[in-house]
Every structure is written in structure tokens, then in C-alpha cells.
Amino acid sequence: MNTLVHKLQSIATLSDEERQAILSLPARTRILAPRQDIVHDGDKPSQCCLILDGWTCRYKMLSEGRRQIFSFHIPGDIPDLQSLHLHTMDHSLGTITQATVAYIPHESMRELSTRFPRIGEVLWRDTLVDAAIFREWMIGMGRKSAFGRIAHLFCEMYLKLEAVDLAGDHRCPWPITQVDLGDALGLSNVHTNRVLQEMRGKGLISLRGSTLVIQAWDELMRASEFDPTYLHLEKRAA
């Protein structure tokens with residue numbers, strides 16, 4: 001549960017008693033393979049999943065095998081927190097990499113929020129930040145160029161990773177494939193590849209194995225019109 005404490009403290013302040021209450025949550029842990037579903041569209045889950053290690057995504061499958069990714073998730077995230085109140089899943093949640101996931105019973109989460117209303121407020125704040133991220137993605141899909149969409153996602157994920165000490169010096173893990181990028185941003189694999197080559201050519205980024213290096217942070221922010229306010233983080237990249 002330290003992972004959850006760390007994540008929540010990136011968007012709010014917790015007291016020692018609140019941190020201890022979170023650390024005391026019961027959980028069942030599983031290690032899942034890459035590209036494995038955690039929760040399926042149409043499921044009625046009785047537990048939330050906390051990502052302890054690895055990357056996951058929310059997505060929905062359309063006809064002819066087409067996939068739309070709605071969001072990427074990293075350690076500390078509870079991507080299906082809404083299942084506490086929306087009892088039927090309207091999308092799936094799956095792993096991108098091998099992932100370690102802690103399953104926390106809904107009953108325990110509700111009891112925690114009842115005993116510690118401030119924690120309930122922080123969890124609510126977390127879902128509101130998710131909604132803000134969805135709005136930014138909608139702006140990108142509707143009004144930004146492919147270059148702007150990809151650059152914006154690089155900035156967003158870097159700051160989210162930095163906030164939970166999984167990135168620094170404008171370097172971060174990047175297990176997302178070009179296909180994943182295209183499915184998230186509404187781009188073909190060819191178009192995605194062309195934009196990444198352009199970014200490399202301009203000296204904005206490099207992708208070394210599974211590591212993203214942002215070589216020109218300010219320029220990438222300007223190119224994507226990135227304003228980190230919507231992430232509501234307590235700390236940000238310099």
C-alpha cells in the first residue's frame with residue numbers, strides 16, 4: 001500500500017493516521033503477464049485494483065478488432081476506482097507490460113472512506129483528475145495535430161511518473177509501442193512512426209530501448225501547448 005500512499009500524496013496531503021489507515025488495507029496480490037485483461041467490459045467487480053508495478057491501460061474493443069485506449073496507468077493508480085459506484089464495467093482494463101496488481105475489496109475501500117472522510121475526498125480528487133485528463137485527451141483528438149498529440153502525451157506521462165519518483169532528469173520508462181500510441185491517439189502506425197522520426201530529427205526526444213529521453217522539454221511543451229495545471233500535482237518537472 002506504500003505505492004498508493006505515494007500516489008495520493010502527489011495530489012494531496014495525508015496525515016500520519018490517514019497514511020497508516022491506507023497501509024492497513026487488506027489486499028490480494030497477483031503478477032499478470034503482458035497484454036492480459038485485469039477487468040473485462042461488462043464485468044461486475046467486487047474489488048478495485050491498485051497497480052503496484054508495470055503499466056496498464058483502459059480500453060474498449062470495437063468491431064473488426066479495432067481498439068481505443070482511453071488512458072495509460074502506472075504504479076500507484078487505481079484505474080477502476082469508479083467501480084465502487086458504477087457497478088458494471090463499460091470498458092476493459094488490461095496490462096501493457098508484466099504487472100503486479102493488488103486487489104482491494106470494495107467493502108474495505110468504503111469502510112476506509114467512512115472512517116476517514118478526508119481519504120474519501122482525496123480518492124474523489126483522484127477521479128476528478130482522471131476526468132481532467134480525459135478532457136485534455138479529447139482536445140488533442142479533436143483539435144491537435146498528430147505531432148501535438150504525441151508530444152502532449154510524452155509531457156503528461158513524464159510528469160505523472162516524476163510525481164511518484166519513477167522518472168527524473170527528463171528520462172522515464174516507456175514500454176508503450178507505436179501501436180499503443182496509435183490506438184490511444186487515433187493515429188495509424190505509419191503516421192505515428194513518421195511523427196516520432198520527426199521528433200528525433202528535431203532533437204526533441206530519443207527512444208532508447210524502453211526509455212524515453214526528452215531532450216528539449218520547453219520546446220516539447222510549446223509544440224503541444226502543454227499546460228500541466230490539469231494534472232493538479234504537488235510537484236512538477238523543472
Side-chain angles (χ1 to χ4, degrees), residues 1-30 38-39 44-58 70-91 93 95 99-138 153 155-168 172-173 226-237:
M1 293 298 108
N2 273 310
T3 308
L4 179 56
V5 168
H6 202 176
K7 162 61 189 298
L8 295 180
Q9 288 190 140
S10 75
I11 61 170
T13 302
L14 297 172
S15 69
D16 289 342
E17 186 180 15
E18 289 164 343
R19 286 193 293 271
Q20 189 56 51
I22 294 170
L23 293 174
S24 300
L25 280 169
R28 176 176 58 88
T29 303
R30 286 186 61 195
I38 301 170
V39 187
K44 298 180 184 297
S46 60
Q47 55 196 1
C48 296
C49 69
L50 166 66
I51 311 304
L52 299 178
D53 185 55
W55 288 49
T56 66
C57 68
R58 289 190 186 116
F70 302 121
S71 54
F72 295 110
H73 294 277
I74 60 174
D77 287 349
I78 308 181
D80 61 345
L81 186 60
Q82 71 272 17
S83 67
L84 276 169
H85 303 290
L86 301 177
H87 304 304
T88 302
M89 292 292 293
D90 55 27
H91 60 277
L93 174 65
T95 61
T100 304
V101 177
Y103 294 91
I104 309 169
H106 282 171
E107 180 181 350
S108 298
M109 293 293 288
R110 293 191 183 102
E111 181 183 348
L112 177 70
S113 297
T114 299
R115 289 175 52 223
F116 295 92
R118 168 66 180 157
I119 295 178
E121 291 175 7
V122 175
L123 293 173
W124 173 230
R125 178 183 172 88
D126 189 45
T127 63
L128 292 175
V129 172
D130 266 354
I133 292 172
F134 285 144
R135 288 191 292 273
E136 287 294 320
W137 280 40
M138 183 179 294
L153 182 62
C155 293
E156 175 181 296
M157 295 307 301
Y158 175 77
L159 285 191
K160 286 187 64 179
L161 288 159
E162 187 197 51
V164 291
D165 295 329
L166 293 175
C172 65
F226 181 78
D227 177 354
T229 302
Y230 72 99
L231 293 172
H232 301 281
L233 295 170
E234 293 293 314
K235 60 179 181 178
R236 299 176 179 173

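- At a threshold of 4.5 Å between non-hydrogen side-chain atoms, the residues Ile51 and Ile74 do not count as touching.
- Smallest separation of non-hydrogen atoms from Pro75 and Val164: O-CG2, 4.2 Å.
- Closest approach of Ser113 and Leu123 over heavy atoms only: OG-CD1, 3.9 Å.
- Partners of Ser71 by side chain to side chain donor-acceptor pair (under 3.5 Å), not counting sequence neighbours, listed by chain and number: Arg58, His73.
- A donor-acceptor contact shorter than 3.5 Å is absent between the side chain of Asp77 and the backbone of Pro79.
- Remark: Thr13 engages no residue in a side chain to side chain donor-acceptor pair (under 3.5 Å) (not counting sequence neighbours).
- Annotation: side chain to side chain donor-acceptor pair (under 3.5 Å) contacts of His106 (sequence neighbours excluded): Ser83.
- The CE atom of Met89 lies 4.0 Å from the NE2 atom of His91; values are rounded to the nearest 0.5 Å.
- Between the CZ atom of Phe72 and the CG atom of Leu161 there is a distance of 12.0 Å, given to the nearest 0.5 Å.
- In this structure, Leu50 CG and Thr100 OG1 are separated by 10.5 Å, a value rounded to the nearest 0.5 Å.
- In this structure a side-chain-to-backbone donor-acceptor pair under 3.5 Å is missing from Arg28 to Pro105.
- Glu18 meets the side-chain contact (heavy atoms from CB on, under 4.5 Å) test with Leu14, Ser15, Phe116, Arg118, Ile119; sequence neighbours excluded.
- The only option from Pro26, Cys49, Cys48 that meets the side-chain contact (heavy atoms from CB on, under 4.5 Å) definition with Tyr103 turns out to be Cys49.
- Between Gln9 and Lys7, the closest side-chain pair of non-hydrogen atoms is not below 4.5 Å.
- In this structure, NE2 in His87 is found 8.5 Å from NE2 in His85, a value given to the nearest 0.5 Å.
- Within a 6.0 Å radius of CD in Glu121, other residues, nucleotides and ligands contribute more than 12 heavy atoms.
- With sequence neighbours left out, Glu156 forms a side-chain contact (heavy atoms from CB on, under 4.5 Å) with Ile133, Trp137, His152, Leu153, Lys160, Phe226, Tyr230, Leu231.
- Under a cut-off of 6.0 angstrom, the local environment of CD in Gln82 is crowded, with over 12 non-hydrogen atoms contributed by other residues, nucleotides or ligands.
- Using a 4.5 Å cut-off on side-chain heavy atoms (C-beta onward), Val129 and Leu233 make no contact.
- Contact record, Ala167 with Tyr158: CB-CE1, 3.7 Å, taken as the closest heavy-atom pair.
- Note: Met1 CE to Leu52 CG = 6.0 Å, rounded to the nearest 0.5 Å.
- For the pair Met109/Leu25, a side-chain contact is recorded, criterion being any heavy-atom separation below 4.5 Å from C-beta on.
- Side-chain contact between His6 and Ser10 is absent, with no heavy-atom pair separated by less than 4.5 Å.
- The side-chain contact (heavy atoms from CB on, under 4.5 Å) check on Thr95 picks up Leu32, Gln36, Ile38, Thr56, Ala99, with sequence neighbours excluded.
- Of all the heavy atoms in Pro228 and Leu159, the pair that sits closest is CB-CD1, 3.5 Å.
- The distance from atom CG of Leu166 to atom OG1 of Thr3, rounded to the nearest 0.5 Å, is 9.0 Å.
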